[in-house]
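Note on naming: letters A, B, ... go to the chains in the order of the sequence lines (proteins, then strands), and numbering restarts at 1 for each one.
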Amino acid sequence: MPSTSKNHTKTPERNLFTRIYKIVDQIPAGKVVTYGQIARKLGNPRLAQVVGWALHVNPSPIKTPCHRVVNREGKLAENFGFGGWETQQELLKKEGITFETPHKVDLKKFGTSEL
DNA sequence: GGCGTGACTTATA
DNA sequence: ATATAAGCCACGC
């Protein structure tokens, strides 16, 4: 029996990272989601930090639309990995998302609460 | 196996 | 409104 304490990573089924990628991959186009929203799906809203880390080390930025993930304020990451928040801004604009400010997105309209 | 850090969030002052 | 503290998980040393 798996009394190995916890699945010490390398276990996709238990690995939070894999779950995060799956959730992010299911974000509909033209919508954005917050880290806390994903974290809540994982079971703990405090996992938001892990979500950020997951996207930071995300192996496939193309398969994982991390540009649709923003922080609680709807703002973009200042240290975005693509090459800057400007890249994310362009991508979101293509999806039809508008910005209240260059760094902030209108969560009231694009916040996916149905995820 | 411990300690610090991180694309975060929430609560409290 | 800003500042500080605590919380969670994964990674690197």
Asker: Looking at the side chain of A:Y35, which of C:dA10, B:dA7, C:dC8 is the nearest nucleotide?
Answerer: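 So the side chain of A:Y35 is nearest to B:dA7.
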Asker: Could you state the atom-to-atom distance from CD of A:Q49 to P of B:dT10 in whole Å?
Answerer: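 In whole Å, B:dT10 P and A:Q49 CD are 13 Å from each other.
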Asker: Any idea which of C:dC8, B:dA7, B:dC8 is nearest the A:N71 side chain?
Answerer: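 Looking only at heavy atoms from C-beta outward on A:N71, the closest nucleotide is B:dC8.
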Asker: Check this one for me: any side-chain N or O of A:R46 less than 4.0 Å away from OP1 or OP2 of B:dC8?
Answerer: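 Looking at the OP1 and OP2 atoms of B:dC8, neither is under 4.0 Å from any side-chain N or O of A:R46.
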Asker: Map A:W53 and A:A48 onto DNA chain B by nearest heavy atom, then report which one ends up closer to the 5' terminus.
Answerer: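 Closest to the 5' end, via its nearest nucleotide, is A:W53.
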Asker: Minimum heavy-atom separation for A:E73 and A:L107, please, with both atom names.
Answerer: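 A:E73 and A:L107 have their closest heavy atoms at C-CD1, 3.8 Å.
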Asker: Rounded to the nearest Å, what distance is computed from the CH2 atom of residue A:W85 to the C1' atom of nucleotide B:dC8?
Answerer: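 To the nearest whole Å, that distance equals 20 Å.
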Asker: Roughly, in whole Å, what's the span from OH in A:Y21 to P in C:dC9?
Answerer: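 Between P of C:dC9 and OH of A:Y21: 17 Å.
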Asker: Does A:R40 have a side-chain nitrogen or oxygen under 4.0 Å from the phosphate oxygens OP1 or OP2 of B:dT10?
Answerer: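 Checking B:dT10 against A:R40, a side-chain N or O does come within under 4.0 Å of OP1 or OP2.
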Asker: I need the CD1-C1' distance between A:I38 and C:dC9, as an integer number of Å.
Answerer: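 For the pair A:I38 CD1 and C:dC9 C1', the rounded distance is 15 Å.
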Asker: Using 4.0 Å as the upper bound for N to carboxylate O, is an ion pair formed by A:E95 and A:R68?
Answerer: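 Judged by the 4.0 Å cut-off on N to carboxylate O distance, A:R68 and A:E95 do form a salt bridge.
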Asker: Are OP1 or OP2 of C:dA10 and a side-chain N or O of A:N15 less than 4.0 angstrom apart?
Answerer: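 Affirmative; the distance criterion is met.
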Asker: What integer distance in Å separates A:L42:CG from B:dT9:C1'?
Answerer: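 My rounded result for the distance is 13 Å.
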Asker: How many Å lie between CD1 on A:I20 and P on C:dC11, as a whole number?
Answerer: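 In whole Å, C:dC11 P lies 10 Å from A:I20 CD1.
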Asker: Any side-chain heavy-atom pair from A:Y35 and A:V69 closer than 4.5 angstrom?
Answerer: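 In contact.
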Asker: Counting heavy atoms from C-beta on, name the nucleotide in B:dA7, B:dT10, C:dC9 closest to the side chain of A:V50.
Answerer: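 The closest nucleotide is C:dC9.
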Asker: Atom CG of A:L16 to atom P of C:dC11: distance rounded to whole Å?
Answerer: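 Nearest whole value for this atom pair: 10 Å.
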Asker: With the side chain counted from C-beta on, respond yes when A:K93 and A:I97 share a heavy-atom pair under 4.5 Å apart, and no when they do not.
Answerer: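 Answer no - side chains too far apart.
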Asker: Answer whether the closest heavy-atom distance between the side chains of A:L92 and A:H67 falls below 4.5 Å.
Answerer: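 Side-chain contact under 4.5 Å: yes.
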Asker: Can you tell me the distance, in whole Å, between the CD atom of A:Q37 and the P atom of C:dC8?
Answerer: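 It is 20 Å, rounded to the nearest whole Å.
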